[in-house]
S.K.: 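Would you mind keeping the following structure in view while I ask a few things?
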Amino acid sequence: MTVPRPLTSKAVRWLALLALCGAYIQGGLVKLLDFAGAQAEMAHFGLQPAAPAAVAVIVLELGASALILSGRLRWLGALALALFTAVAALMANRYWQAPADARFMAMNAFYEHLGLAGAFVLVAWHDLTERLHGRT
């Protein structure tokens with residue numbers, strides 16, 4: 001079976017990585033442009049002191065996305081966002097503790113985030129495999 005060339009192009013790969021990183025780029029930029037809101041979000045999730053936590057999240061979201069999109073240490077950026085996403089899902093989407101009327105939405109968000117984390121692990125695995133075989 002041959003795969004159509006456009007599906008295997010570097011442009012399609014980069015656009016797919018951009019789509020995967022899109023929420024983190026948007027989130028990092030929103031936090032950067034509304035730092036007071038970012039601090040309030042950190043405090044809401046019990047992260048204190050809120051200002052350094054907000055800075056760390058902004059740097060992580062934007063920095064890891066930049067690594068992934070640039071291809072430089074892509075595996076590291078992908079693993080960082082995988083871990084961040086899994087931890088964030090455990091903190092923000094505890095559907096097992098949610099009231100019955102909110103449980104479905106929280107459960108859905110939890111498993112969507114788990115899927116994103118898995119996608120980032122695949123990006124890291126693929127990048128490391130390419131590097132191991134000298135195909136970057």
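Residue numbers count from 1 along this sequence. What you see is a predicted model; the values in this text were computed from it and never measured.
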S.K.: Using 30° and 60° as the class boundaries, would you call the ring planes of Phe110 and Trp96 parallel, tilted or perpendicular?
M.R.: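 Aromatic pair Phe110/Trp96 classed perpendicular.
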S.K.: Is there side-chain contact between His126 and Leu122, with at least one heavy-atom pair below 4.5 Å?
M.R.: no
S.K.: Tell me whether Ile58 shares a hydrophobic cluster with Ile68, the cluster being built from Ile, Leu, Val, Met, Phe, Trp, Tyr side chains joined at under 4.5 Å.
M.R.: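 They do share one cluster, since a chain of ILVMFWY contacts under 4.5 Å joins Ile58 to Ile68.
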S.K.: Testing the basics here: between Glu130 and Arg13, what is the closest heavy-atom pair and its distance to 0.1 Å?
M.R.: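 That closest heavy-atom pairing would be OE1-NH2, 3.1 Å.
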S.K.: If every non-hydrogen atom of Ala82 is compared with every non-hydrogen atom of Phe120, which pair is closest and at what distance?
M.R.: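 Looks like CB-CB, 3.7 Å.
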S.K.: Mind jotting down which residue pairs meet the salt bridge (Lys or Arg N to Asp or Glu O under 4.0 Å) criterion with at least one end in residues 106-125? Sequence neighbours excluded, please.
M.R.: none
S.K.: Return a table of donor-acceptor pairs under 3.5 angstrom between the side chains of residues 19-44 and protein atoms on other chains or two or more places apart.
M.R.:
unit_1	atom_1	unit_2	atom_2	d
Tyr24	OH	Thr85	OG1	2.6
Lys31	NZ	Glu61	OE1	3.4
Asp34	OD1	Gly37	N	3.0

S.K.: Is a side-chain N or O of Arg94 found less than 3.5 angstrom from the main chain of Leu90, in a donor-acceptor match?
M.R.: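 Looks like yes, one N/O pair under 3.5 Å.
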S.K.: Tell me whether the count of non-hydrogen atoms from other residues, nucleotides or ligands lying under 6.0 Å of CZ in Phe45 goes above 12.
M.R.: yes
S.K.: Out of curiosity, does Leu81 fall in the hydrophobic cluster containing Leu62 (side-chain heavy atoms, cut-off under 4.5 Å, transitive links)?
M.R.: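 The answer is yes; both residues are in one hydrophobic cluster.
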S.K.: Would you say that Val57 contacts Phe84 through its side chain, given a criterion of any heavy-atom pair below 4.5 Å between the two side chains?
M.R.: yes
S.K.: With rounding to the nearest 0.5 angstrom, report the CZ to CG distance, Arg103 to Asn93.
M.R.: 14.0 Å
S.K.: Out of curiosity, does Leu128 fall in the hydrophobic cluster containing Leu67 (side-chain heavy atoms, cut-off under 4.5 Å, transitive links)?
M.R.: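 Yes; tracing contacts between hydrophobic side chains, which count when under 4.5 Å, links both residues.
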S.K.: Starting at CG of Leu79, measure out to CH2 of Trp125 and round the result to the nearest 0.5 Å.
M.R.: 13.5 Å
S.K.: Do Leu69 and Val59 sit in the same hydrophobic cluster, where Ile, Leu, Val, Met, Phe, Trp and Tyr count as joined when their side-chain heavy atoms come under 4.5 Å apart?
M.R.: yes
S.K.: Give every donor-acceptor pair under 3.5 Å between a side-chain atom in residues 46-56 and any protein atom, sequence neighbours left out.
M.R.:
unit_1	atom_1	unit_2	atom_2	d
Gln48	OE1	Ala50	N	3.4

S.K.: When rounded to the nearest 0.5 angstrom, what distance separates CE in Met107 from CE in Met105?
M.R.: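 Going from CE on Met107 over to CE on Met105, the span is 11.0 Å.
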